[in-house]
Amino acid sequence: MDAGKILPINQIPEEAYALALDLIYDRRREGFDPLLAFMAYFEAHQEDPGKREDAFLALPLLERLQRRVVEGRKGGLEADLEEALRAGHKPLDLINGPLLSGMKEVGDLFGAGKMQLPFVLQAAEVMKRAVAYLEPHMEKRGEGKGKMVLATVKGDVHDIGKNLVDIILTNNGYRVVNLGIKVPIEEILKAVEAHKPHAVGMSGLLVKSTLVMKENLEYMRDRGYTLPVILGGAALTRSYVEELKAIYPNVYYAEDAFEGLRLMEELTGHAPPELTRKAPPRPKREAPKAVPRSRPVGEAPAVPKPPFFGVRVEEGLDLATIAHYVNKLALYRGQWGYSRKGMDREAWQALVEREAEPVFQRLLKEAMAEGWLEPRVLYGFFPVAREGEELLVFSPETGEVLERFRFPRQKGGGLSLVDYFRPRHAEPLGDEAAWMPRRPSGRGPGRPRGPARHHGGGPF
Ligand code: B12
């Protein structure tokens, strides 16, 4: 879809929108022909693009800037920004005022299902272009005051806020190592080792990102990191970040870029500690033995033998069968952007049946007829064992630790998935001895061929 050639729903007059839907769904009734009604409407409402443009240009300057973001209008953006600067508006006031208000409006429209993704992207482009234009006009104060490694967390592409943080810190004398978007924690920590920053800044706007941030803090704690971490992004709340202090005490919440700057000033000794007042206690390492269990998990009578070890791929799967398992709610709401806001069950169901479901069925039919979707499943069996709070996954060939998983524990020291696995180094149970690779000193088949990467001793 070329977003430049169509109007988003929020810019289509309500009457025209309703008539278009009547026509698409052929809602003819006694005395009403949707096609005739549609033609009659557009004959009477011939849009004059020149008039529309004139009305836009007649808006007061700041309002025009806000509309530019909402409507994704790039042409003439720089001229408007220049005019605003000449009129004495400060670059940061323009960003925090009309431009961010526009972005907020876009978010609300998207959330309400009135604006589709390509238009959000256009709005984001206008915002980015405006910020890039204004940046050189910002006042720069001091330099060499400190350093931050900054990134949008794994799985998240939103970077407008993060880049604003970069600009505001840089213009206030801080060096920012901006790692970009979708950055895994391993990469963030590599940059921490290379640049030795005063703090790490993590940004994320998706609800999912708040969980990624939590995992990142656990990862850092487990590796003995204690440097300050500042978290920001619309999905976070101050109380959530406060709770994260139990995992990583030196973590702070920044509601916006200015709070981020204030935190950096404090953390680098350029401002008295107010937001960071409480001296961070040493991070607690989880002691696995002390974890109380509400219900101990008993020993399994036998360990079932896996049908094979390693990875297999299944191909030639039946699309119709798979379609049956698609989580449509997640698809329509999470991916296609349909919102249920303000709708009761019936209205939502009607919307799904009218709009989303026909598209799904059409795509499915096309995929089946044209063969452009070839589902494959990758699955495998691996030896695993519990170590403390982690589940270790071993290579069936070498016994190396391939992966470590840390599952959440139920509140109040309840159960965790790791409780259901046998501990590392446990005596083999039943058949296990026949197929489990053993320690290097051990007997039996499958003895590890190479040294274990993480644990000198051997796999189990
Ligand atoms: C623009 C936008 C996009 C653009 C992003 C372009 C870009 N390059 O950034 C595009 C179109 C790509 C996009 C994609 C998606 N988006 Co989007 N997007 C938005 C939107 C409208 C605005 C975000 C924005 O830029 N705000 C302006 C900036 C300045 O604000 P900010 O990021 O919050 O940053 C400020 C503070 O939070 C803080 N801050 C932020 N980070 C940090 C870090 C530190 C260290 C500090 C100190 C401070 C700080 O300082 C900043 C400035 O003061 C929001 C709606 C909203 N109201 O937030 C939805 C929104 C975030 N998106 C949403 C969704 C669902 C998606 C998609 C999943 C949609 C889809 N179906 O594919 C994808 C996500 C893909 C992915 N894997 O990430 C949802 C998230 C909902 C949720 N529950 O998780 C939102 C909330 C919209 C909605 N109402 O539903 N999106």
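For ligands, and for the atoms within them, numbers begin at 1 and follow the listed sequence.
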Top protein contact for [atom], by heavy-atom distance:
atom: atom 77 (N) of ligand 1; value: Gly155 O, 2.9 Å
atom: atom 23 (C) of ligand 1; value: Leu205 CD2, 3.5 Å
atom: atom 89 (N) of ligand 1; value: Gly107 O, 3.3 Å
atom: atom 47 (C) of ligand 1; value: Ala254 CB, 3.4 Å
atom: atom 67 (C) of ligand 1; value: Leu206 CD2, 4.6 Å
atom: atom 70 (C) of ligand 1; value: Leu117 CD2, 3.7 Å

Is the positively charged end of Arg223 above the ring of Tyr219, judged by distance under 6.0 angstrom from the centroid and angle within 45° of the axis? yes
Determine whether any protein heavy atom is located less than 4.0 Å from [atom].
atom: atom 7 (C) of ligand 1; answer: yes
atom: atom 11 (C) of ligand 1; answer: yes
atom: atom 40 (C) of ligand 1; answer: yes
atom: atom 75 (C) of ligand 1; answer: yes
atom: atom 49 (C) of ligand 1; answer: yes

Of the choices [options], which has the non-hydrogen atom that lies closest to [atom]?
atom: atom 3 (C) of ligand 1; options: Lys128, His158, Lys208; result: His158
atom: atom 79 (C) of ligand 1; options: Phe119, Phe110, Phe258, Tyr253; result: Phe110
atom: atom 37 (O) of ligand 1; options: Gly233, Gly260, Gly102, Ala151; result: Gly233
atom: atom 51 (C) of ligand 1; options: Pro118, Gly161, Gly111; result: Gly161

Is ligand 1 under 4.0 Å from a heavy atom in the side chain of [X], in the backbone, in both, or in neither?
X: Ile160; value: both
X: Lys182; value: neither
X: Leu100; value: side chain

Check this for me: does any side-chain nitrogen of one of [X] and [Y] sit under 4.0 Å from a carboxylate oxygen of the other?
X: Lys162; Y: Asp166; value: no
X: Lys190; Y: Glu186; value: no
X: Glu389; Y: Arg386; value: no
X: Arg406; Y: Glu215; value: no
X: Arg238; Y: Glu242; value: no
X: Lys145; Y: Glu265; value: yes

Could you tell me the separation between the CG atom of Asp54 and the CG atom of Leu59, rounded to the nearest 0.5 Å? 11.0 Å
What's the separation between atom CE in Met148 and atom OH in Tyr174, rounded to the nearest 0.5 Å? 9.5 Å
Among Asp256, Ile168, Asn171, side-chain contact (heavy atoms from CB on, under 4.5 Å) partner for Leu261: Ile168
Can you establish whether the number of heavy atoms outside [X] located under 6.0 Å from its atom [atom1] is more than 12?
X: Glu14; atom1: CD; value: no
X: His324; atom1: NE2; value: no
X: Arg362; atom1: CZ; value: yes
X: Lys147; atom1: NZ; value: yes

Using a 4.0 Å cutoff against the non-hydrogen atoms of [X], which atoms of ligand 1 qualify?
X: Leu150; answer: 45 (C)
X: Asp156; answer: 78 (O)
X: Glu255; answer: 36 (C), 37 (O), 38 (C)

Give yes or no for whether the N/O distance cutoff of 3.5 Å, strictly under, is met between [X] and ligand 1.
X: Val207; value: yes
X: Asp159; value: yes
X: Asp256; value: no
X: Val157; value: yes

Looking at ligand 1, is there an atom of it that comes within less than 4.0 Å of some heavy atom belonging to Glu259? no
Please verify the inter-ring angle class for Phe407 with Phe405; under 30° counts as parallel, over 60° as perpendicular, anything in between as tilted. parallel
